[in-house]
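Worksheet: one structure, shown below.
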4 protein chains.
Amino acid sequence: MPREVRERQMLDAAVAVFARRGYRAASMDEIAELAGASKPLVYLYLNSKEDLFSACIRREAEALIAAVRAAVDPGAPADRRLWNGLRGFFAHTAAHPDGWAVLHCQARTHGEPFALEVGALRQQLVDVVTQLITETAADGGCTAPLPETEVAGLAHALVGAAESLAGWSNERDGAASSEQETAATLMNFAWTGLENMAHGRRWIPIGA
Amino acid sequence: MPREVRERQMLDAAVAVFARRGYRAASMDEIAELAGASKPLVYLYLNSKEDLFSACIRREAEALIAAVRAAVDPGAPADRRLWNGLRGFFAHTAAHPDGWAVLHCQARTHGEPFALEVGALRQQLVDVVTQLITETAADGGCTAPLPETEVAGLAHALVGAAESLAGWSNERDGAASSEQETAATLMNFAWTGLENMAHGRRWIPIGA
Amino acid sequence: MPREVRERQMLDAAVAVFARRGYRAASMDEIAELAGASKPLVYLYLNSKEDLFSACIRREAEALIAAVRAAVDPGAPADRRLWNGLRGFFAHTAAHPDGWAVLHCQARTHGEPFALEVGALRQQLVDVVTQLITETAADGGCTAPLPETEVAGLAHALVGAAESLAGWSNERDGAASSEQETAATLMNFAWTGLENMAHGRRWIPIGA
Amino acid sequence: MPREVRERQMLDAAVAVFARRGYRAASMDEIAELAGASKPLVYLYLNSKEDLFSACIRREAEALIAAVRAAVDPGAPADRRLWNGLRGFFAHTAAHPDGWAVLHCQARTHGEPFALEVGALRQQLVDVVTQLITETAADGGCTAPLPETEVAGLAHALVGAAESLAGWSNERDGAASSEQETAATLMNFAWTGLENMAHGRRWIPIGA
DNA sequence: CATGAATGAGGATTCATTCAT
DNA sequence: TATGAATGAATCCTCATTCAT
């Protein structure tokens with residue numbers, strides 16, 4: 001069996017096991033067995049548990065980013081790009097729950113090396129969203145330019161909302177179209193909020 | 001030293017170590033040492049690593065919920081209650097980053113017993129937010145009642161956004177007032193979005 | 001509470017726990033709890049686990065020997081003395097199963113100090129039986145004096161048979177009179193065998 | 001080194017250590033060291049201390065039963081079969097004192113799982129003896145059929161006597177031929193007793 | 001007389017990792 | 001390319017035992 005195929009099988013197995021057990025509780029034995037290979041072979045191809053986990057993160061992160069990028073039509077207006085990006089995000093996380101679990105739940109909780117790796121992914125998502133927010137403001141005829149910090153905050157909020165919704169809609173594995181609905185809910189919530197902010201319509205704490 | 005004091009020291013140490021290392025990677029040795037007690041005493045008071053982790057989750061969850069509840073003035077209108085709840089949330093998570101890390105990052109990733117425990121906390125947050133959203137719609141003169149599923153989705157989105165922002169604002173531990181700003185950002189984002197939705201103003205995908 | 005009473009309670013508890021769990025698996029915690037006293041008190045009165053176990057063995061051994069001795073009427077002929085001794089033995093072991101378990105099952109399996117102690121008990125039983133066998137031979141008009149080694153072997157065989165029957169009759173906790181029957185069975189088995197041997201009637205392996 | 005060989009070495013070591021120390025006091029460290037292997041290997045091959053002990057019991061029990069069976073010539077008359085069975089029993093226990101110690105002293109004292117296993121062995125011995133007693137009665141022209149309970153009692157008594165003698169003759173590890181003598185002593189004791197009982201000649205307590 | 005608080009030492013078990021083949 | 005055999009190092013947990021009160 002060619003190395004490339006074997007390696008993919010190993011990564012598949014590793015993602016599944018890491019998702020189910022967590023990094024520390026996952027055992028190389030279980031991964032090797034699920035991959036249908038012997039442990040020494042796993043070490044030959046992937047060096048160590050740490051490297052293996054890194055490889056999982058990288059592969060899944062790239063796949064997610066690629067899915068989101070592919071969903072966005074660069075020529076469309078900002079609102080459609082946000083809408084399509086969200087749909088792509090929800091569709092991919094729904095289709096690859098193990099990969100998503102590794103990225104969202106496991107990677108960040110296990111020390112520097114992995115947190116950095118997954119942090120880079122998150123930053124990419126945030127960057128995409130930041131740009132969309134900025135463009136949205138411009139497209140919508142922004143009358144009150146948003147300070148940079150606030151844009152960053154909004155981007156983080158949006159990504160967090162998306163992540164949370166991804167988990168929620170995965171749990172209630174309802175209709176096949178639920179990912180569409182989930183995206184719509186978030187879009188409704190976010191879009192009008194953004195538009196208002198871009199026009200300086202804000203909520204102001206009374207007396208603050 | 002009286003038992004109560006020792007027990008609190010142990011929980012403090014455990015929360016710190018669990019936050020830094022994760023459940024599996026945390027060693028009872030390190031926790032005991034940090035608590036300034038011997039391992040057998042930790043076991044005598046808290047039974048097992050699992051029970052200790054559960055106790056951490058419970059304590060931190062109760063503290064967080066209490067902080068949010070305490071921040072909300074039950075007599076105030078819905079928007080102020082949301083605002084105050086958010087401020088309480090951000091203030092508490094900023095003041096107790098380890099506790100928040102245990103709840104948000106660690107607890108959900110380590111098997112049923114803990115996931116259930118922390119799931120209960122999250123549900124409480126979601127419940128509070130759900131109620132606020134509903135009342136907001138009413139207060140704002142809702143013209144288009146939101147379907148129940150959508151309200152749930154919005155609540156999850158809002159909680160996710162808050163969780164994400166909590167992590168973000170903890171990372172850039174800049175100004176002391178940043179928790180105020182963070183709350184304001186989210187409030188602006190969420191409030192206007194909710195208001196619009198409550199009045200049936202929605203974003204509609206063109207051609208969908 | 002006077003020391004004597006407390007000490008007896010402790011020994012009672014220890015015998016029960018040692019019988020149920022074995023020496024190593026028995027914990028001083030469990031013993032202290034069952035005795036209704038605190039652990040330091042147990043140590044104050046009985047020094048150590050080893051001493052406690054020794055005390056159990058000694059007490060139970062002395063009780064058993066005393067019971068057998070009390071059952072035997074020194075003036076009776078040899079057969080009646082054997083008969084009464086057996087009845088006393090079975091009655092006592094049936095009435096004190098925990099003590100018997102400690103003596104028979106636990107004490108011998110845990111290293112020199114205890115094995116010696118319980119060995120002494122067993123030797124006393126064997127001595128009594130040895131004497132009975134010798135007298136039986138004399139009473140029955142022995143025509144072929146038995147060599148010393150053989151008498152010792154017979155005594156061990158008889159004690160072993162009695163021990164085995166004690167366990168067996170304890171298991172099938174049938175009629176209240178079963179100890180009587182058990183004694184009768186062994187008596188029938190042993191007595192005629194002894195009588196024959198004393199008269200030189202032996203089983204000889206053909207061709208050996 | 002092939003697995004089979006290693007596994008046997010481990011069982012040998014385990015039997016020796018369990019015999020010397022008892023189940024609880026035996027440490028896997030000592031067993032592994034005596035076996036000349038590392039602890040993880042012991043666990044890899046034999047799973048756990050409990051399984052290891054079970055494996056010891058099973059191996060030793062099977063060996064003992066096989067030795068007794070092999071010693072008995074199925075075509076011989078009942079008395080010769082009893083005689084040969086006893087010789088086989090004493091020869092095997094004398095040749096494998098550790099195995100016998102594990103079976104007789106240790107296995108019964110350590111909780112259900114092992115007690116059952118060793119109980120099965122004992123039952124097999126008792127069954128063999130029970131059948132011999134019954135046949136003996138028949139061969140000897142039984143005039144007074146023995147009640148079933150009594151036969152069972154006799155069988156237990158005989159096995160107990162044999163067990164006791166095995167221990168005794170092991171202790172005074174005197175002449176090489178002592179196992180022959182031991183068997184002869186027991187045979188003399190038992191055989192004539194059985195014959196008498198089969199003919200209704202009983203010892204009757206005067207006045208009972 | 002009685003105990004709550006505390007621990008040093010040790011034991012079962014697991015796991016990432018490496019050779020020799 | 002592929003693996004059966006093997007282990008050092010750690011981890012959870014328990015227990016007999018002792019003080020200070």
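It should be emphasised that the depicted structure is a prediction, and the values quoted were computed from it without experimental measurement. Within every chain, numbering begins at 1; the chains are lettered A, B, ... in the order of the sequence lines, protein sequences first and strands thereafter.
The nucleotide range of DNA chain F contacted by chain D, defined by atoms under 4.0 angstrom from heavy atoms of the protein and reported 5' to 3', is F:dA5 to F:dG8.
Once rounded to the nearest 0.5 Å, the distance linking CG of B:L44 with CZ of B:R6 reads 11.5 Å. We find the CZ-CD distance between D:R122 and D:E163 to be 4.0 Å, quoted to the nearest 0.5 Å. Atoms CZ and CD, from C:F114 and C:Q106 in turn, are 11.5 Å apart once rounded to the nearest 0.5 Å. Interatomic distance, NE2 of A:H104 versus CG of A:L121, reported as 11.5 Å (0.5 Å rounding). From D:R21, atom CZ reaches atom OG of D:S27 across 8.0 Å, with rounding to the nearest 0.5 Å. Note that CG of A:L11 is 5.5 Å distant from CG of A:L46, once rounded to the nearest 0.5 Å.
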Using a cut-off of under 3.5 Å, enumerate the N/O to N/O pairs linking the protein to nucleotides 10-14 of chain E.
from: E:dA12; atom 1: OP1; to: D:A26; atom 2: O; distance (Å): 3.1
from: E:dA12; atom 1: OP1; to: D:K49; atom 2: NZ; distance (Å): 2.8
from: E:dA12; atom 1: OP2; to: D:M28; atom 2: N; distance (Å): 2.9
from: E:dT13; atom 1: OP2; to: D:Y43; atom 2: OH; distance (Å): 2.8
from: E:dT13; atom 1: OP2; to: D:K49; atom 2: N; distance (Å): 3.0
from: E:dT13; atom 1: O4; to: D:K39; atom 2: NZ; distance (Å): 2.9

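Between D:D98 and D:V17, the closest side-chain pair of non-hydrogen atoms is not below 4.5 Å. Between A:V102 and A:F53 there is a side-chain heavy-atom pair separated by less than 4.5 Å.
Here the P atom of nucleotide E:dA16 and the CD1 atom of A:I31 are 8 Å apart, to the nearest Å. E:dA16 atom P lies 14 Å from atom CG of A:D51, rounded to whole Å.
Nearest-nucleotide assignment on DNA chain E puts the 5′-proximal partner with C:Y45, out of C:Y45 and B:A37.
Base-pairing analysis of DNA chain E finds the following stems of at least three consecutive Watson-Crick or G-U pairs, with both pairing distances under 3.5 Å: E:2-21 with F:2-21.
Sorted by first then second residue, the salt bridge (Lys or Arg N to Asp or Glu O under 4.0 Å) pairs that include residues 31-57 of chain D, not counting sequence neighbours, are D:D29-D:K39.
Across all strands shown, A:R3 has no heavy atoms under 4.0 Å from either base or sugar-phosphate atoms.
Taking all atoms of both residues into account, the shortest heavy-atom contact from A:G99 to A:V15 is N-CG1, 3.7 Å.
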Worked check of side-chain contact (heavy atoms from CB on, under 4.5 Å) between A:M28 and A:L52: CA-CA 10 Å; A:M28 296 297 274; A:L52 175 55; 4.1 Å; yes
Worked check of side-chain contact (heavy atoms from CB on, under 4.5 Å) between D:I31 and D:F18: CA-CA 9 Å; D:I31 292 172; D:F18 282 135; 3.9 Å; yes
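Within a heavy-atom distance below 4.0 Å of DNA chain F, no residue of residues 9-20 of chain B is found.
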List the atom pairs, donor and acceptor, that lie under 3.5 Å between side-chain atoms in residues 57-66 of chain B and the rest of the protein, sequence neighbours left out.
from: B:R58; atom 1: NH1; to: B:E117; atom 2: OE2; distance (Å): 2.3
from: B:R59; atom 1: NH1; to: B:D12; atom 2: OD1; distance (Å): 3.1
from: B:R59; atom 1: NH2; to: B:D12; atom 2: OD1; distance (Å): 2.7

